Amino acid sequence: MPDSEMRSKTLEYAPAERNTARVFGRTGLEHLQAMAAGEVPGPPISSHVGLRLVSVSEGDVVMTAEPDESHYNPIGSIHGGFFATVLDSVCGCAVHSTLPAGVGYTSLELKVSFLRPATADTGTVTAHGWVTKAGRNAAFVEADLRDAAGRVLATASSTCLVVGPEPSGR
């Protein structure tokens with residue numbers, strides 16, 4: 001490919017917070033609300049997919065993302081990994097919004113159903129994630145990803161492991 005056809009994309013992001021006292025010093029809902037208000041930077045992955053937190057309430061999160069041609073697969077449509085990243089993010093944050101201070105989560109599994117293709121021309125997509133069952137050890141979440149016309153592009157279901165604080169001395 002001639003150099004004149006090459007494109008580049010520069011990512012700017014805040015480094016991930018490593019101070020666990022600051023990360024886990026408030027409830028998940030408080031942390032996400034601070035992120036939505038711009039008081040806390042988003043995670044670095046947000047820069048890769050143009051992910052923005054739009055709204056958050058307990059067990060319910062809405063985010064938007066910006067697919068572009070840097071997310072294309074070999075056939076010129078948005079790679080499924082873009083959809084999976086956005087859906088995993090909204091599912092995880094929906095779980096996070098239900099957790100008390102000092103408690104975290106991690107994805108155990110994610111099932112994505114791809115229903116429609118997307119391209120850079122699709123524009124902003126909206127992901128909605130909601131907790132269907134919160135538990136002490138695991139939480140179950142569903143989500144969908146829609147284009148600006150409200151058409152469902154993909155759906156997801158996820159299970160997240162709820163991780164309590166580590167015992168002292170570890």
Side-chain angles (χ1 to χ4, degrees), residues 1-16 28-29 31-33 35-38 40-98 104-134 138-162:
M1 175 180 286
D3 288 339
S4 63
E5 293 184 35
M6 295 299 293
R7 298 192 174 120
S8 66
K9 181 177 179 179
T10 301
L11 299 175
E12 292 185 14
Y13 60 91
L29 182 60
H31 185 239
L32 290 170
Q33 288 172 333
M35 194 179 298
V40 173
I45 190 66
S46 298
S47 296
H48 290 276
V49 294
L51 196 59
R52 288 182 307 283
L53 187 55
V54 174
S55 68
V56 58
S57 59
E58 188 170 338
D60 194 277
V61 171
V62 175
M63 298 176 162
T64 59
E66 299 293 331
D68 64 43
E69 36 178 50
S70 75
H71 303 125
Y72 277 3
N73 60 27
I75 63 169
S77 62
I78 301 299
H79 191 281
F82 173 91
F83 287 1
T85 298
V86 173
L87 289 165
D88 185 53
S89 297
V90 77
C91 285
C93 286
V95 170
H96 191 188
S97 72
T98 68
Y105 68 93
T106 190
S107 298
L108 282 174
E109 61 86 27
L110 176 71
K111 180 196 180 292
V112 178
S113 296
F114 303 99
L115 307 176
R116 282 191 157 81
T119 67
D121 294 333
T122 299
T124 302
V125 295
T126 302
H128 179 205
W130 58 96
V131 174
T132 57
K133 181 171 185 331
F140 303 89
V141 194
E142 293 185 14
D144 62 30
L145 183 68
R146 297 174 183 261
D147 66 12
R151 291 179 296 239
V152 179
L153 303 173
T155 61
S157 61
S158 179
T159 306
C160 291
L161 177 67
V162 176

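From a predicted model like this one, the values you see are computed outputs, not experimental measurements. The chain is numbered in sequence order, starting from 1. Keep in mind that the numbers below use all heavy atoms, side chains included, and drop hydrogens, waters and symmetry copies.
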Requested in this report: Give, for atom CD1 of I45 and atom CG of L51, the distance between the pair rounded to the nearest 0.5 Å.
Outcome: 8.5 Å
Requested in this report: With the side chain counted from C-beta on, respond yes when N73 and F82 share a heavy-atom pair under 4.5 Å apart, and no when they do not.
Outcome: no
Query raised in the report: Which atoms form the tightest heavy-atom contact between L32 and C93, and what is the distance?
Result: CD1-O, 3.2 Å
Query raised in the report: Is the count of non-hydrogen atoms from other residues, nucleotides or ligands lying under 6.0 Å from H79 atom NE2 greater than 12?
Result: no
Query raised in the report: Are any side-chain N or O atoms of T106 and backbone N or O atoms of L161, one a donor and one an acceptor, separated by less than 3.5 Å?
Result: no
Report summary line: Residue pairs passing the salt bridge (Lys or Arg N to Asp or Glu O under 4.0 Å) test with at least one member in residues 50-66, sequence neighbours excluded, are R52-E66
Requested in this report: Compare every heavy atom of P43 with every heavy atom of M35, then report the nearest pair and how far apart it is.
Outcome: SD-CD, 3.9 Å
Query raised in the report: Can you name the closest pair of heavy atoms from V131 and A94 and give their distance?
Result: CG2-O, 3.4 Å
**Report entry** Trace of the side-chain contact (heavy atoms from CB on, under 4.5 Å) decision for L53 with M63
**Finding:** CA-CA 4 Å; L53 187 55; M63 298 176 162; 4.0 Å; yes
Query raised in the report: Can you name the closest pair of heavy atoms from A143 and L87 and give their distance?
Result: CB-CD2, 3.8 Å
Report summary line: Note: L110 and A84 closest approach over all heavy atoms is CD2-O, 3.7 Å
Query raised in the report: Do V125 and P67 come close enough that some side-chain heavy atom pair is under 4.5 Å?
Result: yes
Query raised in the report: Where do P15 and P44 come nearest, in terms of heavy atoms and distance?
Result: C-CG, 4.4 Å
Query raised in the report: How long is the span from the NE2 atom in H96 to the SG atom in C91, to the nearest 0.5 Å?
Result: 15.0 Å
Requested in this report: With sequence neighbours excluded, tell me which residues meet salt bridge (charged side-chain N to carboxylate O under 4.0 Å, His left out) with K9.
Outcome: D68
Query raised in the report: So how far is it from D88 CG to E109 CD, rounded to the nearest 0.5 Å?
Result: 10.0 Å
**Report entry** V86 and L145, any side-chain heavy atoms less than 4.5 Å apart
**Finding:** yes
Query raised in the report: Is the side chain of T98 donor-acceptor paired with the backbone N or O of G59 at a distance under 3.5 Å, no angle test?
Result: no
Query raised in the report: Got V62 and V90 here, is their nearest side-chain heavy-atom distance under 4.5 Å?
Result: no
Query raised in the report: Does the H71 side chain pair with the main chain of H48, one donor and one acceptor, at a distance under 3.5 Å?
Result: yes
Query raised in the report: Hey, what do you get for CD (E69) to OG1 (T119), rounding to the nearest 0.5 Å?
Result: 9.5 Å
Report summary line: dist T122:OG1 -> L153:CG (nearest 0.5 Å) comes out at 6.5 Å
Query raised in the report: With distance as the sole test, does Y72 use its side chain to make a donor-acceptor pair with the main-chain N or O of A120 at under 3.5 Å?
Result: yes
Query raised in the report: Taking atom OH of Y13 and atom OG of S46, what is their separation to the nearest 0.5 Å?
Result: 12.5 Å
Query - Close side-chain approach of R146 to V152, heavy-atom, < 4.5 Å - result: yes
